[in-house]
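Report on the following structure.
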Amino acid sequence: NNNNNKEIDFNKGQPTDSQIIMRLFFSRFLSQLPERDRSEFLDKFFVRKGESVKDKTRRGLLSIREVSLFPPHYRVLCDDQEIEIKSGPDNVFIAICVFLFLAKTRLNNTL
């Protein structure tokens, strides 16, 4: 069968592992909020690739920024700084850990 020799493009329309993990992470927070506050929560704490930080008036807030989709890469924004997270397969996990650490130490465990 000739189909066995074709390369499969896994990137077409399918979320990456990192995107799935990030969705699960934020879904946990969203499940605890009233429905009317859910979109506002994501606007505050997650910056999608291509969105401008200045347009969302996030200055001084804590958030995770999606820098690239392929390969997946995230950074953490806090106090007008963009914290670079090491590239690689652990990037999403390290970004989540840094985000939670900063939420605990700078926001007194409240988001």
Side-chain angles (χ1 to χ4, degrees):
N1 190 345
N2 199 17
N3 290 337
N4 292 337
N5 295 332
K6 290 184 179 180
E7 287 187 31
I8 299 171
D9 185 3
F10 289 103
N11 297 335
K12 283 190 174 179
Q14 301 298 319
T16 63
D17 294 347
S18 295
Q19 289 172 315
I20 293 169
I21 291 166
M22 197 60 70
R23 285 179 190 172
L24 289 171
F25 174 70
F26 279 109
S27 292
R28 174 67 180 124
F29 288 107
L30 293 174
S31 70
Q32 302 301 310
L33 294 172
E35 194 167 324
R36 68 180 183 281
D37 297 335
R38 290 179 184 175
S39 64
E40 184 180 315
F41 180 86
L42 280 178
D43 283 344
K44 284 183 181 178
F45 297 107
F46 187 70
V47 183
R48 288 176 182 81
K49 183 181 180 307
E51 288 182 337
S52 172
V53 176
K54 292 178 184 175
D55 290 347
K56 297 277 186 169
T57 62
R58 289 191 175 100
R59 300 183 71 85
L61 291 178
L62 175 64
S63 60
I64 294 177
R65 181 176 186 193
E66 183 179 55
V67 178
S68 73
L69 297 174
F70 304 107
H73 188 78
Y74 298 92
R75 294 181 184 147
V76 176
L77 305 172
C78 184
D79 296 333
D80 297 330
Q81 292 181 330
E82 192 161 340
I83 301 167
E84 179 63 48
I85 307 295
K86 179 184 100 167
S87 295
D90 297 334
N91 175 268
V92 67
F93 297 110
I94 295 169
I96 289 171
C97 289
V98 169
F99 177 84
L100 291 173
F101 174 78
L102 292 172
K104 179 179 180 170
T105 58
R106 300 215 178 155
L107 300 178
N108 299 320
N109 285 333
T110 59
L111 292 178

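The chain is numbered in sequence order, starting from 1.
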Rounded to the nearest 0.5 Å, what separates atom [atom1] in [X] from atom [atom2] in [Y]?
{"X": "I20", "Y": "S27", "atom1": "CD1", "atom2": "OG", "result": "11.5 Å"}
{"X": "E51", "Y": "D43", "atom1": "CD", "atom2": "CG", "result": "7.0 Å"}
{"X": "T105", "Y": "L100", "atom1": "OG1", "atom2": "CG", "result": "10.5 Å"}
{"X": "F45", "Y": "L77", "atom1": "CZ", "atom2": "CG", "result": "12.0 Å"}
{"X": "M22", "Y": "F93", "atom1": "CE", "atom2": "CZ", "result": "9.5 Å"}
{"X": "D90", "Y": "S18", "atom1": "CG", "atom2": "OG", "result": "9.5 Å"}

request  = Applying side chain to side chain contact (heavy atoms under 4.5 Å, CB included) between V98 and each of L62, I64, I85, report the one that passes.
outcome  = I85
message = Q32: which residues meet the side chain to side chain donor-acceptor pair (under 3.5 Å) condition with it, sequence neighbours left out?
response =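 Partners of Q32 by the side chain to side chain donor-acceptor pair (under 3.5 Å) criterion come out as none, since no residue qualifies.
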request  = Take I96 and I21 through the test side chain to side chain contact (heavy atoms under 4.5 Å, CB included) and record every step on the way to the result.
outcome  = CA-CA 10 Å; I96 289 171; I21 291 166; 4.0 Å; yes
key: Beyond-backbone contact of R106 with D79, side-chain heavy atoms, under 4.5 angstrom   =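 Yes. Closest side-chain heavy atoms under 4.5 Å.
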With a cut-off of 3.5 Å and sequence neighbours excluded, list every side-chain donor-acceptor pair involving residues 67-76.
{"residue": "S68", "atom": "OG", "partner": "P71", "partner atom": "O", "Å": "2.5"}
{"residue": "H73", "atom": "ND1", "partner": "N91", "partner atom": "ND2", "Å": "3.3"}
{"residue": "H73", "atom": "NE2", "partner": "E84", "partner atom": "OE2", "Å": "2.7"}
{"residue": "R75", "atom": "NE", "partner": "E84", "partner atom": "OE1", "Å": "2.5"}
{"residue": "R75", "atom": "NH1", "partner": "E82", "partner atom": "OE2", "Å": "3.0"}
{"residue": "R75", "atom": "NH2", "partner": "E84", "partner atom": "OE1", "Å": "3.0"}

query = F25: what forms a ring pair (Phe, Tyr, Trp, His ring centres under 6.0 Å) with it, not counting sequence neighbours?
reply = F29, F99
